[in-house]
Amino acid sequence: MFSDSTLNEIRSRCDIVDVIGRYVSLKKSGQGYQGLCPFHNEKTPSFHVHPAKQVYRCFGGCAKGGNVFTFIMEHDGLSFPEAVRKLAGEVGVRIEEDKNFVRQSPKPISESQVRASKALELAAKYFNHLLAQNKEYAFALKYVENRGLTKKSIEKFRLGVAPAGWNTLIQFMTKRGFTWEDLLSAGLVVPKEDSKYKGYDRFRERLMFPITDKNGQVVGFGARALKEGDEPKYLNSPDTPLFNKSKILYGLSENQRDIRLKGEALVVEGYMDVVGLYEAGVSNAIAPMGTALTVEHCREIKSLTQKVVTIFDPDAAGISAWHRSMPIFLETGLFAKDVSLPDGLDPDEFVKKAGAEKFYELCDKAPQQITKYLKEIADKGVLGEKDRGRYLQELIPILVASRRLPDKGAVLWDDVSRLLAISFDAIKKLVQESPSRITAPTPAPVTTQNRPTPTRKDIRQKKFPLDWEFFKGALRYPEAFLSFPKEDWVGFLKDQELEAILLRLWETQSASKMVEILEELSKSQTCPEILDAVSEPLLKEVASTPNEPQWFAEVAKRISERRKKAQIHGIANQVRMSQRLGDDQEQIKLLEQLRNLRSASAPTPQEPTSPKTGPQDH
């Protein structure tokens with residue numbers, strides 16, 4: 001890749017003591033120098049640098065060693081080519097690559113991109129100067145300080161403030177040789193036809209967060225409103241040839257070294273979370289650019305570490321965010337963990353209150369995302385047919401993505417099979433029929449008929465016989481049906497249309513009003529089986545029969561037994577998930593519930609005197 005002469009020239013110009021001395025406080029010791037190792041925590045110096053041999057070595061916990069190139073690679077989280085180019089630039093060596101080395105040529109950078117990059121870099125310096133030294137923007141500095149940030153974080157992340165006025169930045173930049181096209185290409189301005197300056201500054205009186213690529217080059221900005229009423233609260237640079245928010249993670253350049261050293265990346269929601277965590281001593285956090293996590297983001301993370309923890313805000317949006325991230329991580333071969341912070345705190349708030357050590361402790365103990373998600377489903381208790389179907393649809397993208405991880409994927413499929421009471425073969429078929437990446441479902445074709453074509457009579461009854469016996473019994477004997485608690489059957493019928501009709505009838509709590517609904521159904525229904533069942537009580541006027549046979553009590557009892565079996569299955573799944581999470585107290589509580597449920601008898605409606613045999617459940 002690089003010619004030997006180029007590498008030797010860089011080595012000869014780089015004194016390893018000077019390079020390492022920028023990062024480590026070195027003291028003379030014998031023929032070399034020593035200091036505290038920058039790659040692990042220690043109190044007694046065990047890190048040695050030998051100037052004559054131009055090498056370093058830690059004789060303590062991490063035992064890392066190498067030359068000037070490997071030091072920059074380890075310390076800055078760079079690849080070998082990146083480290084070579086960085087050192088070459090510092091010592092003024094022109095890069096010459098080995099002519100015998102063949103590689104794919106990088107995408108050429110246009111002159112307009114070069115100028116846009118320089119404009120972004122100057123803008124970042126300007127914004128930072130205004131925040132740090134301009135008294136006119138003391139209110140912005142006060143806001144930053146009130147958020148608990150010090151000079152350490154301001155300098156690390158190069159925070160700044162955008163000036164007031166519609167064209168202050170435009171004037172500043174044009175005086176320094178940048179054109180309107182440069183500023184537009186950099187995303188710093190918004191075009192407007194009737195404007196004297198062709199447009200106006202995109203960012204005005206906002207706290208500015210420079211967004212850098214992996215090499216530390218400014219490619220865009222994130223901006224937070226400082227004044228009440230300014231909308232939106234957060235504003236990003238638009239996508240440009242240099243900046244694509246679906247590929248760049250905030251804080252990756254600044255924190256990549258510590259992500260490598262700690263072997264773990266913490267994914268949070270916003271800029272302030274990343275900066276606030278760093279201020280408190282948590283230096284391996286990154287955040288997407290106000291958008292959902294993407295495969296490109298995950299590939300960037302995977303280039304640094306295999307371990308990921310998501311710590312999103314504990315609101316509905318945050319929960320949804322980590323749910324959506326599961327198949328994305330799995331698609332890139334990562335099993336991420338997720339932290340739920342207590343008391344509704346976001347990461348920045350929690351670390352200020354509890355400190356970095358407690359924060360890292362929560363990250364260490366965090367469960368895998370998928371285990372936590374399955375536990376959430378198990379905690380719902382008994383799942384009806386509709387809920388089982390909904391959760392299965394939500395899990396399909398995760399199951400599809402898990403095909404890339406055969407061993408762990410098999411365990412996941414087994415858990416889903418048990419949790420949703422669906423066979424392993426059925427899951428396999430669903431996954432095989434799904435695309436590699438889940439897309440939006442295709443809308444159903446529009447039919448020209450006014451009503452759906454009726455199905456042949458008895459087909460549905462053969463599929464779910466117990467549901468239909470319960471449905472017919474409810475219509476024949478409304479008083480017994482209305483006395484039967486809905487908690488014992490809602491969610492446990494397998495025919496969703498029958499359950500919806502029965503729930504509507506039950507909620508009337510009136511036999512006469514039930515008749516009114518049945519009359520309405522007789523005019524609107526198209527299913528012959530439902531019409532047949534509805535017609536009987538209407539024509540024979542049995543809807544208010546005072547004496548209910550024991551037959552309906554038997555049917556209701558079997559429905560209750562179905563509920564009980566489902567509850568036992570649900571709690572057994574909760575026990576399984578609690579075992580995975582290592583929650584002993586939760587296991588004891590659930591096992592007690594399971595014992596009580598198994599010993600309890602199923603409730604039934606009042607039992608009359610005419611004995612008949614109840615149907616079998618299917």
Side-chain angles (χ1 to χ4, degrees), residues 7-93 149-158 212 214-216 251-266 274-275 277-286 304-305 307 351 355-357 359-360 363-364:
L7 297 178
N8 290 333
E9 180 67 17
I10 295 171
R11 286 193 193 97
S12 67
R13 295 194 190 185
C14 287
D15 181 1
I16 195 170
V17 175
D18 290 339
V19 173
I20 295 178
R22 300 175 204 158
Y23 308 95
V24 180
S25 177
L26 297 174
K27 292 183 178 181
K28 184 70 175 168
S29 175
Q31 295 182 345
Y33 294 82
Q34 69 175 12
L36 295 174
C37 180
F39 303 122
H40 78 281
N41 294 324
E42 63 178 9
K43 295 181 179 179
T44 303
S46 61
F47 184 80
H48 291 258
V49 181
H50 200 294
K53 296 181 179 179
Q54 289 289 296
V55 295
Y56 67 91
R57 176 78 179 181
C58 173
F59 292 93
C62 69
K64 289 185 177 181
N67 59 23
V68 68
F69 296 119
T70 55
F71 180 84
I72 292 298
M73 289 168 63
E74 286 284 350
H75 190 277
D76 291 1
L78 301 179
S79 65
F80 176 71
E82 290 168 339
V84 170
R85 290 189 175 93
K86 177 175 180 176
L87 289 171
E90 290 177 357
V91 296
V93 174
L149 303 183
T150 64
K151 185 178 180 181
K152 174 183 79 170
S153 297
I154 294 173
E155 290 182 350
K156 172 78 171 180
F157 293 93
R158 302 172 65 183
T212 57
K214 200 171 181 178
N215 297 318
L252 187 66
S253 169
E254 293 82 358
N255 286 342
Q256 61 180 321
R257 171 181 171 270
D258 279 22
I259 290 172
R260 286 184 186 274
L261 292 179
K262 297 179 186 299
E264 187 172 71
L266 310 181
V274 173
V275 180
L277 288 173
Y278 176 82
E279 179 70 40
V282 177
S283 54
N284 54 330
I286 50 180
L304 300 175
T305 180
K307 295 181 180 180
V351 78
E357 186 176 347
F359 188 83
Y360 277 127
C363 292
D364 290 340

Within the 4.5 Å heavy-atom criterion, are Ile259 and Leu252 side-chain neighbours or not?
yes
Glu357 atom CD, over 12 foreign heavy atoms within 6.0 Å
no
Shortest non-hydrogen contact between Thr305 and Lys307, atoms and distance
OG1-N, 3.1 Å
Any non-hydrogen side-chain atom of Arg57 less than 4.5 Å from a side-chain atom of Val49?
no
With the threshold set at 4.0 Å, does a side-chain nitrogen-carboxylate oxygen contact exist between Glu9 and Arg13?
yes
What is the distance from atom CD of Gln31 to atom NZ of Lys53, rounded to the nearest 0.5 Å?
8.5 Å
Under 4.5 Å between any side-chain heavy atoms of Phe71 and Pro38, yes or no?
yes
Could you tell me the separation between the CD1 atom of Ile20 and the SG atom of Cys14, rounded to the nearest 0.5 Å?
11.0 Å
Mind listing the closest non-hydrogen atom pair of Glu42 and Cys37 along with its distance?
OE2-N, 2.7 Å
What distance do Asn284 atom CG and Asp258 atom CG have between them, rounded to the nearest 0.5 Å?
6.5 Å
Does Asn8 reach the side chain of Ile10, with side-chain heavy atoms less than 4.5 Å apart?
no
Once you measure the plane-to-plane angle for Phe39 and Phe47, does it fall in the parallel (<30°), tilted (30-60°) or perpendicular (>60°) bin?
perpendicular
Is there a side chain to side chain contact (heavy atoms under 4.5 Å, CB included) between Gln54 and Asp15? Walk through the geometry before answering.
CA-CA 7 Å; Gln54 289 289 296; Asp15 181 1; 3.4 Å; yes
Output field: ring centroids Tyr56/Tyr33 closer than 6.0 Å
no
Where do Leu36 and Pro45 come nearest, in terms of heavy atoms and distance?
CD2-N, 3.7 Å
Flag this pair as yes if the NZ/CZ of Lys152 is under 6.0 angstrom from the six-membered ring centre of Tyr278 and inside a 45 degree cone about the axis; otherwise no.
yes
Any Glu74 side-chain heavy atom under 4.5 Å of Lys64 side chain
yes
Can a donor-acceptor pair be found, under 3.5 Å and without considering hydrogens, that links the side chain of Glu82 to the backbone of Asn215?
no
Got a second to check how far Lys262's NZ is from Leu304's CG, nearest 0.5 Å?
14.5 Å
Minimum heavy-atom separation for Pro51 and Val17, please, with both atom names.
CB-CG2, 3.7 Å
Using a 4.5 Å cut-off on heavy atoms from C-beta on, say whether the side chain of Thr150 contacts that of Glu279.
yes
OG1 of Thr70 to CG of Asn67: how many Å apart, nearest 0.5 Å?
4.0 Å
What I'd like to find out is whether the side chain of Ser153 reaches to under 4.5 Å of the side chain of Glu254, using heavy atoms alone.
no
Evaluate whether atom NZ of Lys27 has more than 12 neighbouring non-hydrogen atoms of other residues, nucleotides or ligands under 6.0 angstrom away.
no
Can you measure from OG (Ser79) to CD1 (Ile72) and round to the nearest 0.5 angstrom?
12.5 Å
Taking the side chain as C-beta and beyond, is there a heavy-atom pair between Asn255 and Phe157 under 4.5 Å?
yes
To check you understand the geometry: which heavy-atom pair defines the closest contact between Ile16 and Val68, and what is its length?
CD1-N, 3.8 Å
Taking all heavy atoms of Cys62 and all of His40, pick out the closest pair and write down the distance.
SG-ND1, 3.5 Å
